[in-house]
Amino acid sequence: MSSKRYLITPGPTPIPPVVAAAAATPMQHHRSPEFRALLLETLDRLKQVFATENDLVLFTGSGTAAMESSVANLLSPGDRVVVASAGNFGQRWVKLVRAYGIEPVLVEQPWGERLDAARIAGAASEAETAAVVVTHSETSTGVVHDVEAIAAAVAPTGAILVVDAVSSLGGVELATDAWGVDVVVSGSQKALMSPPGLAFASVSERAWGRAGRSTLPRYYLDWRLAADSQVKGDTAFTPAVSIVVALRTALDLILARGPASVWEHNRLLARATRAGVKGLGLELFSPDDDSAAMVTALLMPDGIDGQECYTVLRDRHGIVLAGGHGPLRGRIMRIGHMGYMNEFDIVTALAGLEMALGELGHTPPVPGGGVAAATALFAAQPVPVDG
Ligand SMILES: *Cc1c(COP(=O)(O)O)cnc(C)c1O
C-alpha cells in the first residue's frame, strides 16, 4: 500500500499549500475587528465568483446545508415545487423537499442525460408553482446542465429558480444575475479549492420576498438571521473561522487568475481526460464535449467491477478517484478535474487506471495509450503555467 495519496476526486478536492497554511494560522475570535473585516472581504470576493450583487449568506456546514436552507426559507407546507433531476444530487433535492413534508413535482431524465429546459418550464408554468430546483453540475454523472437555458425558460413562469452549484461554482460559468437565477447554493470544498465546511446561498430580491412569507420551520439555517448579522461583518453563530481564512486565500488565487481563465483550464483538463479515456480503449459515460468540464465519468469494461477498481487504485496505488452512485455503482469511475489540479493529476489518474485495470485482468489495447493521448493533447494545447 502506498502512503502517498493522490486526491483526484470531484470533492473534496486538493487545496493549494497557501490555502492549507492559511487554515493553520492561529485562531482568531470571530467577533474581533480583524475577523469582521476578513469576513466582509471574503463575502465580497465570493459575490464576484457568484457573479451577483444579491445578498449572499454563509453557513458553517457542508453544501447540503445551503441546499436545505433554500427549502426551509423559501417554502411553505402545500407549496408546489418542481424538482428537475437526472442524477444523485437531483435526488438529494427530492429527499430534502420530502423531509419538509412537501411532495415535489418531478421532472426526471435518465441519469447521464441533460435536463430538458422545455419540460421543466412546462411543469413550472402550471398555476401556483412556488419554486423550481435544478442541479448545475450533476457530479454523479459528469453532466453540467444548461442553467442559462433553464433560467430563460423558467423566467416567464415567475417561479423562483434555485440552482445547486456546489460542484460548479468557480469551475464553469454561472452568471447568477445575468441569467436571472434567484438562489445559487454552493460549498467550499470543490472548485473553490478550500476545506469542506462552509456553505453559501445567494438570494435575489424575489427570493427574499418569498422567504418573508414562507412558514416552514428554520433556525440555524435562517437566511434573515444570517444576513442581518453579516451586514456588520458578524455571524449569528460561531463560523468555521479557519475555513473562512482559507477560503479568503483561495478566492484571491481564483480572482487573481480570473474566473474565465480557470474555466478554460478546467475545460482543457477535461478534454485531455476524455482523450485519455478513449486512449485506454474505454467508453465515456459523461458527455463527450466541452460542457463536461468538472467531472469525467467513464464506463467500466465488461466484467470489471468499478468498486473493485476504485479500491485497488486507492489501497494499492494511493490514487483516490470516485466510483458511481446509486444505479451507477460499480459501472462507472469518475475523475474530478476542478480546483487545484493540473495536467499531472490527469496523467496520474490515467496511468493508475491502466495499472489497476491490468491487475483486474483487463489490458487496454495500446500500452500507455491513455497517458499518450492526454500528453499529446497537452503538448498541442499547453496548460497555462501556474495551473
Ligand atoms: C458535493 C455536492 C453537494 C453537497 O454535498 P456536501 O457533501 O453536503 O457538501 C451538493 N450538490 C452537488 C452537485 C455536489 O457535487
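Counting convention: from 1, in listed order, for ligands and their atoms alike. All values below come from the heavy atoms of this structure, side chains included, with hydrogens, waters and symmetry mates left out.
- Geometrically, Lys190 does not engage Phe200 in a cation-pi contact defined by less than 6.0 Å to the ring centre and at most 45° from the axis.
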Step by step, would you call Phe237 with Tyr220 a ring-ring contact (aromatic ring centres under 6.0 Å, His included)? CA-CA 8 Å; Phe237 312 104; Tyr220 187 75; 5.0 Å; yes
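- Two residues are said to be in side-chain contact when any heavy atoms from C-beta on lie closer than 4.5 Å; Thr52 and Ser202 meet this criterion.
- In this structure the side chain of Ile346 never reaches within 4.5 angstrom of the side chain of Glu343, judged on heavy atoms.
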Measure from every N or O atom of ligand 1 to the protein's N or O atoms and keep only the pairs below 3.5 Å, writing each with atom names and distance to 0.1 Å.
from	atom 1	to	atom 2	distance (Å)
ligand 1	5 (O)	Arg92	NH1	3.2
ligand 1	8 (O)	Ser62	OG	2.5
ligand 1	8 (O)	Gly63	N	3.4
ligand 1	8 (O)	Thr64	N	2.9
ligand 1	8 (O)	Thr64	OG1	2.4
ligand 1	9 (O)	Gly63	N	2.9
ligand 1	9 (O)	Gln189	NE2	2.7
ligand 1	11 (N)	Asp164	OD1	3.3
ligand 1	11 (N)	Asp164	OD2	2.6
ligand 1	15 (O)	Thr139	OG1	2.4
ligand 1	15 (O)	Lys190	NZ	2.7

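- A salt bridge links Asp79 and Arg210; the closest N-O separation between the charged side-chain nitrogens and carboxylate oxygens is under 4.0 Å.
- Looking at Arg5 and Asp315, no side-chain N of the basic residue comes within less than 4.0 Å of a carboxylate O on the acidic one, giving no salt bridge.
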